[in-house]
Amino acid sequence: MNPDRVRGNLERVRERIAAAGGDPARVEICAAIKYVWAEDLPALAEAGIGLVGENRAQDLLAKQAEHRDLFEWDFIGVLQSRKVRDVAPNVRLIHSIASDSALRQLARHPAREVLVEVDVAGEEEKAGIAPAELGEFIERCPVPVTGLMTMPPAVERPEDSRPHFARLAELAAEHGLERLSMGTTQDFEVAVAEGATIIRVGTVLYE
Ligand SMILES: *Cc1c(COP(=O)(O)O)cnc(C)c1O
């Protein structure tokens, strides 16, 4: 991992956020680090990355054991309820609360703040709460819900994600929620145009 290269990539992501109509000072860039070895994390910090998102509880704890102070840490992956205990006290924000069993664990192991993952595309096998069930789910959540997250299907053209992002933004507005975690390497500009406040990008930073 070469810090200069990552710094250049990060700069271009900021430019593309601005070109998409976002304020690069306000749209948070969460670097997805599932592809990054612990030993490469200092290079990311050196490149100017301040916020990272991990997908697996075990990897989160292992990477934090070495480099906790380098970043703010979010959890962005599928969260098994038995892992809530390990993740909740160790992150700024969990992006991906999506089950009643996770809510039950949050009651015992509170997180500071969470986002609810929504299955806006209605994909059967996908994690996420159905839009129709969102209101009740948020009410049952024992810790503050400050926004919504979605992971749309893999798309051929970024534009194909737009309806999903627009729907997520609409749902957040309906429920009075501020944070919108949406957009990855494949479609972050469209997400920003639709109001993303946090984009989660990996590949575009490391290639
Ligand atoms: C890996 C991952 C990302 C980043 O994906 P890229 O295509 O590498 O930008 C974003 N969100 C989640 C939940 C991920 O698992």
Side-chain angles (χ1 to χ4, degrees), residues 1-2 5-17 20 22 24 27-38 40-41 43-44 47-63 71-80 83-84 87 91-99 102 111 113-121 123 125-129 147-162 164-165 168-169 172 179-207:
M1 192 70 67
N2 176 332
R5 182 165 183 155
V6 176
R7 188 180 297 109
N9 289 342
L10 182 59
E11 193 45 48
R12 277 187 292 281
V13 167
R14 290 210 179 96
E15 287 164 10
R16 288 170 62 184
I17 289 172
V27 176
E28 290 186 293
I29 298 171
C30 179
I33 56 166
K34 60 175 180 274
Y35 329 100
V36 182
W37 298 107
D40 284 330
L41 289 174
L44 294 196
I49 285 172
L51 174 64
V52 293
E54 181 52 74
N55 286 65
R56 293 170 47 126
Q58 210 175 335
D59 294 342
L60 174 79
L61 298 183
K63 289 173 183 176
F71 310 101
E72 282 199 285
W73 300 76
D74 284 0
F75 190 84
I76 63 175
V78 175
L79 182 57
Q80 293 168 288
K83 301 290 187 182
V84 168
V87 169
V91 295
R92 175 190 78 139
L93 182 64
I94 301 175
H95 290 228
S96 42
I97 293 297
S99 70
E113 190 187 325
V114 301
L115 310 182
V116 174
E117 181 168 358
V118 184
D119 178 13
V120 274
E123 291 176 283
E125 292 177 14
K126 198 67 167 268
I129 300 302
L148 303 177
M149 179 269 222
T150 199
M151 187 80 189
V155 294
E156 256 168 52
R157 298 167 310 138
E159 277 301 317
D160 297 341
S161 296
R162 190 180 295 275
H164 305 309
F165 294 151
L168 194 74
R179 290 191 190 272
L180 273 175
S181 169
M182 57 190 197
T184 66
T185 293
Q186 68 172 6
D187 51 20
F188 71 87
E189 287 145 304
V190 174
V192 165
E194 293 298 330
T197 68
I198 312 177
I199 61 168
R200 308 177 312 271
V201 287
T203 316
V204 71
L205 295 174
Y206 316 132
E207 62 194 3

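Indexing begins at 1, ligand by ligand and atom by atom, following the structure's order. Keep in mind that the numbers below use all heavy atoms, side chains included, and drop hydrogens, waters and symmetry copies.
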**Report entry** pair L168-H164: side-chain heavy atoms closer than 4.5 Å
**Finding:** no
Query - Among L51, L115, I76, the one residue meeting side chain to side chain contact (heavy atoms under 4.5 Å, CB included) with L93 - result: L115
Report task. Of the side chain and backbone of K34, name the one, both, or neither that has a heavy atom under 4.0 Å from an atom of ligand 1. Result -> side chain
Query raised in the report: Heavy-atom count around R56 CZ within 6.0 Å, excluding the residue itself: above 12?
Result: no
Report task. For T203, take its heavy atoms, then give the atoms of ligand 1 lying under 4.0 Å from any of them. Result -> 6 (P), 7 (O), 8 (O), 9 (O)
Query raised in the report: Would you say V201 touches ligand 1, if touching means a heavy atom closer than 4.0 Å?
Result: yes
Report task. Side-chain contact test, heavy atoms from C-beta onward, threshold under 4.5 Å: evaluate it for K63 versus W73 and give yes or no. Result -> yes
Report summary line: For atom 11 (N) of ligand 1, the closest protein heavy atom turns out to be R200 NE, 2.9 Å
Query - A32: numbered ligand 1 atoms lying under 4.0 Å from its heavy atoms - result: 3 (C), 4 (C)
Report task. Using a 4.5 Å cut-off on heavy atoms from C-beta on, say whether the side chain of V36 contacts that of V52. Result -> no
Report task. Test E28 against every option in R14, R92, R200 by the salt bridge (Lys or Arg N to Asp or Glu O under 4.0 Å) rule and name the one that passes. Result -> R92
Report task. Have a look at ligand 1 and work out which part of M151, if any, has a heavy atom under 4.0 Å from it: side chain, backbone, both or neither. Result -> side chain
Requested in this report: Report yes if G202 has an N/O atom closer than 3.5 Å to an N/O atom of ligand 1; otherwise report no.
Outcome: yes
Report summary line: closest protein heavy atom to atom 9 (O) of ligand 1 is T185 OG1, 2.5 Å
Query raised in the report: Which bit of N55 is near ligand 1, meaning a heavy atom under 4.0 Å away: side chain, backbone, both or neither?
Result: side chain
**Report entry** Y35 and T203, any side-chain heavy atoms less than 4.5 Å apart
**Finding:** yes
Query raised in the report: Who's the nearest protein heavy-atom neighbour of atom 13 (C) of ligand 1, and how far?
Result: I76 O, 3.4 Å
Query raised in the report: Applying salt bridge (charged side-chain N to carboxylate O under 4.0 Å, His left out), which residue pairs with at least one partner in residues 150-159 are found, sequence neighbours left out?
Result: R157-D160, E159-R162
Query raised in the report: Quick one: nearest non-hydrogen protein atom to atom 8 (O) of ligand 1, plus distance?
Result: Y35 OH, 2.4 Å
